[in-house]
Amino acid sequence: MYDVAVVGAGLIGSACAKYLSAKGLRVALLGRSEAQGALGACYDEGRIYRIADPDKVWADLADLSIKEYEAIKDEAGESFYQENGFLAIGDPALEYIRQVEETMAQFGTDAGARGERDRSWRRGRRARGVEGKDYFVYSGKEALEEHFPFLRLPFDEHSWKGIWQPKKAGHLSPRALAKIQAVLAKRNGTDVISRNLEQAEPQDDHWILHLEGSQQVEAQKVVLAAGWMTKWLVPDKSLDITTQMSQAVLFEVTPEAATSLASMPVLILRGPKDPEEFWYILPPIKYPDGRWYLKMGYDGNMLNQRLESKEEALNWMKAKQARPELVSVAQQMAARYFPGVTFTGHVSTIVCITDDTHPNGQGQRRPYIDYLDKGVAVASGGNGWAAKSSDHIGWLASEMLSNSSEWATDPVSKALFPKDRWFDPFPSLYIYIYTIPFCWFWRLFLRKWIALYGNLQLREELLHESLKRDRTIGPGDLQGPWIDVTSAVQCLVEQHSIVVHGSSTSSKADLPGFYNPTPLKLDLELSLYVLYSFKDKLHEVIVDDRESLTMPLRKHLVQGTPRGPFPSANVELLMRRRQLEAEAANSPKSQQKPVLKRRIISAEEALQRAVRRHLFLRLGGERGDVSKREFRLVLLSASAVAVLVGLWACRRS
C-alpha cells in the first residue's frame with residue numbers, strides 16, 4: 001500500500017510526487033504520458049516565466065520556483081528554460097500595468113522574507129531579482145520602440161508604458177519540465193504508473209483506486225493534481241473550478257529571423273481592445289517538428305469560452321484546432337507588431353484548457369490546495385499561470401499531505417491562504433473563518449462574515465434604538481453570552497446549501513462544533529445568526545434554537561445595510577417592557593403587587609440541578625434516547641462488574 005497516490009503526471013503532480021518521495025514516503029504517480037495520448041495542458045515548448053505579476057502572491061510563488069530552476073537542471077542534467085527577460089506593455093490607464101509596477105516596486109523591499117524554503121533567505125542573504133534595480137520602466141511609444149527595435153506599437157488611441165524585468169524571466173518548456181520532475185520523482189523512489197484513474201473507492205482507512213486495464217492501487221491518501229481534469233474526477237464534490245478554453249497561434253520564422261530575435265524578451269500586452277491587444281508573445285522557439293515558431297497566445301475573453309461539460313472539454317482538446325477568427329486576428333497583429341520579422345507563411349495552432357478558480361474579494365484567482373474529504377486532497381487551480389510556479393505549488397501540496405500539523409507557516413503561504421484552511425472549499429456559499437472583530441463595521445467593510453450562536457437578545461437600553469434600524473446591530477449590543485460558530489457552519493455545507501431540520505426536541509447545540517454557552521440557564525432562548533454572501537450579494541438570517549434553517553434563500557437577501565442579530569425574543573422583551581411601563585404609570589404604588597424575590601443559589605447547586613434535569617430527560621425515553629429499562633440494566637451491569645473487580649482485588653491482596 002502506498003502512503004500517497006498522486007493523480008496527474010503534469011507539472012504540479014510530478015513536483016508533488018518528487019517532494020513526497022524525497023521525504024521517504026511510498027508514492028505512486030498516476031497518469032498517462034504524452035506518447036500514450038494524454039491531453040494535458042503542459043505538452044508545449046513555450047510558456048512564460050517571470051516575477052513581474054499584478055498579484056504579489058503569484059510573484060512570490062514564481063520567485064520561489066525560479067530559485068529552484070538551476071538546482072533542478074543540475075540534478076537532471078538537462079535544461080528546460082531560457083532567460084530572455086520579460087516585458088509587460090500596454091495602456092497605463094489599465095489596472096494590469098499599474099499593478100505589475102506596484103508589485104515590482106514592493107518586491108525588492110520584501111525579498112529578504114520569502115519563506116522557509118528560500119535557501120538564500122535561510123543563509124541570511126537578501127535575494128533580489130537583479131543586482132541594483134529589479135526592473136525598468138519605459139513611458140511612451142517612442143521610448144519602447146527605441147529600446148526594443150523589433151517591436152512596433154500600431155495603436156495611437158492611448159498612451160503606452162512598459163515594465164521590463166531583464167533577469168529571472170524568460171520562457172520554459174513545460175513538456176521538458178514535467179518529464180524532468182517525473183524522472184526525479186522516480187529517482188527518489190516514486191512508482192510511475194502510466195494509467196489514468198477511472199474510479200476511487202473509499203475504505204475505512206485507505207482508498208482503492210481503479211485504473212485503466214483493471215489495475216488497482218491502494219493508498220492511504222490521494223491528491224488530485226490532474227489540471228483541468230481535476231474537476232471531472234470528483235463529480236460528487238463541489239470544486240470551485242471552471243474550465244475555459246485557451247488558444248495560441250504559432251508563426252514559423254526562418255532560422256535567420258530566429259537568430260536575430262534571440263535576445264527578444266517574452267511579452268504580455270494589454271490594451272483596451274480585445275482581441276487586438278490581449279496577447280502573450282514568446283520569441284522564436286524550436287519545436288519538436290524542427291521548425292522555429294514565434295508564439296502568440298490569446299489572453300482575452302471575447303474569443304474564449306467556458307467548457308461546461310467533460311465531453312465538451314475532451315472534444316476541444318482532441319480537435320487541436322484554434323478558432324478560425326482567432327487565427328485571422330493573430331495573423332493581422334503579428335504583421336503589425338513585428339513588421340521586420342520574416343515569416344515563412346506556415347501557421348500552426350495550440351489549444352489547451354485552463355482550470356480557473358473563483359476570484360476572491362480583490363478579484364484575484366489563487367491556486368486550490370486543500371483537503372476535500374478524509375484522505376483526499378486537491379492541488380489544482382493553475383488559472384493558466386502555474387507553469388512557472390508549479391515546483392513550489394507541488395511543494396506546498398506535499399507539505400499539506402506529509403506535515404498536516406504544522407505547515408503553511410512561512411510568509412508566502414500565509415499570504416497565499418490567509419484563512420484557517422486553504423482555498424474556499426465551498427463554491428457558492430462563502431462564510432469566512434475570521435476571529436471576533438474589534439469593530440463590527442470594519443468586518444463588514446472587509447466583507448468577512450460571521451455566524452453567531454447563543455443569547456442574541458439586545459441589551460435592554462438599546463431596544464427602542466434598534467427599532468429605528470439606522471445602524472447594524474453588532475456583537476457589542478447583545479446580552480450574551482454567545483459563541484462564534486462560523487467554521488462549524490462551514491462544515492454544514494452540502495451541495496451548495498445548508499439544511500438543518502428543527503423540532504421541539506432538537507437543539508442546535510447538538511450540531512458538530514456547537515455548544516450551549518449558557519448551560520445553567522435552561523429557560524433562556526438561544527438563536528443562530530448567519531451573515532453570508534451568495535452570488536456576490538449579502539444575505540442574513542436568524543432562527544430560533546429549535547427552528548429549521550435553510551440557506552441560501554432569496555428572502556435572506558439584504559436590502560441596503562444588514563440589520564444584524566435581531567431574534568424574535570427581542571419583540572417579546574420589548575412588549576413585556578412596555579406593558580410593565582404602562583402598569584407602573586396607571587397603577588398607584590399602594591396597589592402594586594410586591595415583587596417576589598427569587599432565592600439566590602450557588603453555582604454548585606445550579607450545576608447539580610442542571611445535571612439532575614439532564615438525567616431526568618435522558619430517562620424520559622424520548623426517541624433516540626436510552627429507555628429506563630436500558631439505563632437500569634446498564635447500571636446493574638456496571639455495579640456487578642465493580643463488585644467482581646473489588647472481590648478480585650481483595651483476593652489478590
Side-chain angles (χ1 to χ4, degrees), residues 11-12 47-67 86-111 113-115 117-118 127-129 134-135 137 161-165 168-169 172 240-242 244 246 266-270 278-280 297 299-301 354-370 379-397 408 410-419 422-424 430 432 446-447 536:
L11 292 170
I12 295 176
R47 296 288 171 82
I48 293 175
Y49 77 88
R50 87 279 185 191
I51 297 173
D53 195 280
D55 187 346
K56 178 65 164 56
V57 170
W58 279 105
D60 278 315
L61 287 173
D63 179 45
L64 290 166
S65 291
I66 293 169
K67 282 180 167 62
F86 167 72
L87 176 64
I89 187 171
D91 186 352
L94 299 180
E95 283 193 355
Y96 178 83
I97 298 298
R98 178 182 58 80
Q99 290 172 346
V100 169
E101 187 173 5
E102 289 178 354
T103 298
M104 294 304 292
Q106 62 177 310
F107 199 82
T109 59
D110 290 347
R114 292 302 164 95
R117 187 167 165 264
D118 185 344
R128 298 180 62 86
D134 293 313
Y135 64 99
V137 178
K161 190 173 187 178
I163 296 140
W164 180 39
Q165 179 193 335
K168 299 181 71 175
L172 60 84
D240 189 16
I241 293 177
T242 58
Q244 179 165 306
S246 178
V266 294
L267 307 172
I268 289 183
L269 193 145
R270 287 289 186 278
F278 274 78
W279 301 94
Y280 65 91
D299 214 12
N301 296 315
T354 61
D355 48 334
D356 299 340
T357 53
H358 190 86
N360 60 17
Q362 291 75 41
Q364 300 159 333
R365 300 178 185 271
R366 302 284 170 78
Y368 194 151
I369 309 175
D370 197 1
S380 186
N383 297 278
W385 310 318
K388 63 183 182 300
S389 310
S390 58
D391 187 72
H392 192 71
I393 294 175
W395 177 81
L396 284 171
D410 58 280
V412 176
S413 301
K414 288 181 178 179
L416 179 61
F417 304 111
K419 300 184 287 298
W422 290 79
F423 193 87
D424 299 335
Y430 302 97
Y432 288 81
L446 291 174
R447 298 181 65 82
D536 295 327

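- Under the side chain to side chain donor-acceptor pair (under 3.5 Å) criterion, R50 pairs with D53, not counting sequence neighbours.
- Summarising the geometry of R365 relative to P359, their closest heavy-atom pair is NH1-CD, 3.6 Å, with the distance given to 0.1 Å.
- Of all the heavy atoms in A88 and Y96, the pair that sits closest is CB-CE2, 4.1 Å.
- The CD atom of Q165 sits 9.0 Å away from the OH atom of Y49 when rounded to the nearest 0.5 Å.
- Summarising the geometry of D391 relative to S65, their closest heavy-atom pair is N-OG, 3.7 Å, with the distance given to 0.1 Å.
- In this structure, the separation between CG on L396 and CG on L61 is 6.5 Å, given to the nearest 0.5 Å.
- Partners of K388 according to the side chain to side chain donor-acceptor pair (under 3.5 Å) rule, which considers only residues two or more places apart in sequence or in another chain, do not exist here.
- Between K67 and K168, the closest side-chain pair of non-hydrogen atoms falls below 4.5 Å.
- A search for side chain to side chain donor-acceptor pair (under 3.5 Å) contacts involving T354 returns D356, not counting sequence neighbours.
- The closest side-chain heavy-atom distance from I89 to I268 is not below 4.5 Å.
- Judged as a salt bridge (Lys or Arg N to Asp or Glu O under 4.0 Å), and not counting sequence neighbours, the contacts of D299 are R270.
- Under the side chain to side chain donor-acceptor pair (under 3.5 Å) criterion, D91 pairs with no residue, sequence neighbours left out.
- Across all their heavy atoms, Y368 and T357 have their closest contact at CB-CG2, 4.0 Å.
- Minimum heavy-atom separation, T103 to A59: CG2-CB, 3.8 Å.
- Remark: W164 pairs with F136, H147, F148 by the ring-ring contact (aromatic ring centres under 6.0 Å, His included) rule, at least two apart or across chains.
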Verify side-chain contact (heavy atoms from CB on, under 4.5 Å) between I369 and I393, making sure each step is shown before the conclusion. CA-CA 8 Å; I369 309 175; I393 294 175; 3.9 Å; yes
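- In this structure, CG in L269 is found 9.5 Å from CZ in F278, a value given to the nearest 0.5 Å.
- Annotation for N383 and R366: closest pair ND2-O, 3.6 Å, computed over non-hydrogen atoms.
- To the nearest 0.5 angstrom, M104 atom CE is 10.5 Å from K56 atom NZ.
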**Prompt:** Can you list the steps and then say if I241 with S380 is a side-chain contact (heavy atoms from CB on, under 4.5 Å)?
**Reply:** CA-CA 9 Å; I241 293 177; S380 186; 4.0 Å; yes
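- For D355, the salt bridge (Lys or Arg N to Asp or Glu O under 4.0 Å) criterion is met by no residue, not counting sequence neighbours.
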